[in-house]
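The next block holds one structure in the form of structure tokens; read it before the comments.
Predicted model, so just to flag it, every value in this text is computed and none were measured. Reckoned from all heavy atoms, side chains included, excluding hydrogens, waters and symmetry mates.
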Amino acid sequence: MKLEIKMRPLEKLFIRYKATDKNLKFFLFGVLFLGANSGILNSSFNNYLYEIFSLSSQQRGFLELPREFPGFLVFFITSIFYFISMRNWAVLVALISGIGILGIGVFSPTIAVMTFFVTVWSFGDHVFMTVESSVGLELSIASKEGKRLGQISGARNLAAILGSFIVYLGFSRLKFTYEVLYVIAFIFALLAAWSFSRMKLKPLPPKQKLRFLYR
């Protein structure tokens, strides 16, 4: 009897998973992979800068400028490329994030090169925030948009925790180097891009398509 009680929540979860729309499944898997990518970098980045490049506190503070600059550019970039479908946007930003984190860990012999790849990764991370909300709303049920956005946000937070755990496990038990760690994060980004590419979102009707007016 106790075994049945314990199995019921799992059975309900499995039934809900089978009934979930395929597009939502692919999107959530992509969010999980990309969230793990982000969790790996964010939880190891300060140590990486200190151990590999011996950055001072002043240099570390200055690095926040190029790292956060893509956030300022998000509006301009998304308005210029608004004609690209949300699915393609998701695939593109996942690939950009992957290129950025691979460059940080493998192809950064100098601080200048590393700063460039940090900016690339940050661009993908910031732009995905807009994609996450837009696709989340598109995959939501009428009057339950907030619930869907909360689920997607929860998946991303869970993935960030998973990424942090990979960092802990890699350095404490598996003797990872930063290069190996960031290659794993790169693979996660590729898996996210593949997962996003599997979505088949319905195009907006012509009357619902947005147009930007520049004055």
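Remark: R173 CZ to Y168 OH distance equals 4.5 Å, nearest 0.5 Å. Residue E138 holds its CD atom at 12.0 Å from CG of L24, rounded to the nearest 0.5 Å. A distance of 9.0 Å separates NZ of K200 from CZ of R87, quoted to the nearest 0.5 Å. Between E68 atom CD and L73 atom CG the span is 11.5 Å, to the nearest 0.5 Å.
Pairing each heavy atom of E145 with each of S140, the nearest pair is CG-OG, 3.3 Å. Considering all non-hydrogen atoms of both residues, L63 and L55 come closest at CD2-CD2, 4.4 Å. Heavy-atom minimum distance, M86 versus V135: CB-CG2, 3.7 Å. In terms of heavy atoms, F33 sits closest to F188 at CB-O, 3.3 Å. Taking every heavy atom of both residues into account, A193 and L95 meet most closely at CB-CD2, 3.8 Å. Closest heavy-atom contact between S38 and D125: OG-OD1, 3.9 Å.
At a threshold of 4.5 Å between side-chain heavy atoms, the hydrophobic network of Ile, Leu, Val, Met, Phe, Trp and Tyr places L169 and I184 in one connected group. Neither L149 nor V131 shares a network with the other; the hydrophobic side chains, linked directly or stepwise wherever heavy atoms of I, L, V, M, F, W or Y lie under 4.5 Å apart, form separate groups for each. The cluster map of Ile, Leu, Val, Met, Phe, Trp and Tyr, joined by side-chain heavy atoms under 4.5 Å apart, puts L174 and V183 in the same cluster. Residue Y50 is not grouped with residue L181 when hydrophobic side chains (ILVMFWY) are merged at heavy-atom distances under 4.5 angstrom, including chains of intermediate members. Under the 4.5 Å side-chain heavy-atom criterion for grouping Ile, Leu, Val, Met, Phe, Trp and Tyr, V120 is connected to F72 within one hydrophobic cluster.
Taking a 6.0 Å sphere around CZ of R148, one finds it holds more than 12 heavy atoms contributed by other residues, nucleotides or ligands.
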Problem - Check against side-chain contact (heavy atoms from CB on, under 4.5 Å), F165 and I161 - result: CA-CA 6 Å; F165 179 73; I161 295 172; 5.6 Å; no

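Contact of the Y48 side chain with the L41 side chain is not registered, since no non-hydrogen atoms from C-beta on lie closer than 4.5 Å. Looking only at side-chain heavy atoms (C-beta outward), L28 and Q151 stay at 4.5 Å or farther from each other. With contacts defined as side-chain heavy-atom distances shorter than 4.5 Å, the pair F45/R67 qualifies. Side-chain contact between F128 and W89: absent, with no pair of heavy atoms (C-beta onward) separated by less than 4.5 Å.
Between the side chains of Y182 and S44, at least one donor N or O lies within less than 3.5 Å of an accepting N or O.
Side-chain atoms of T130 come within 3.5 Å of backbone atoms of V127 as a donor-acceptor pair (strictly under, hydrogens ignored). A donor-acceptor contact shorter than 3.5 Å is absent between the side chain of S153 and the backbone of G150. With hydrogens and angles ignored, the 3.5 Å screen pairs no side-chain donor or acceptor of S122 with any backbone N or O of V118. For N37 (side chain) and A185 (main-chain N/O), a donor-acceptor pair under 3.5 Å exists by modelled atom type.
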Please list, one pair per line, the donor and acceptor atoms closer than 3.5 Å that link side chains of residues 96-111 to other protein atoms, with sequence neighbours excluded.
from, atom 1, to, atom 2, distance (Å)
S97, OG, V93, O, 3.0
S108, OG, G103, O, 2.6
T110, OG1, V113, N, 3.3

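A distance of 6.0 Å or more separates the ring centres of F123 and F69. Aromatic ring centroids of F26 and F196 lie 6.0 Å or more apart.
Residues forming a side chain to side chain donor-acceptor pair (under 3.5 Å) with R60 (at least two apart in sequence, or on another chain): N46, E64. For L162, the side-chain contact (heavy atoms from CB on, under 4.5 Å) test picks out I166, with sequence neighbours left out.
Ring-plane geometry between F171 and Y178 is classed as tilted, the angle between the planes lying from 30 to 60 degrees on a 0 to 90 degree scale.
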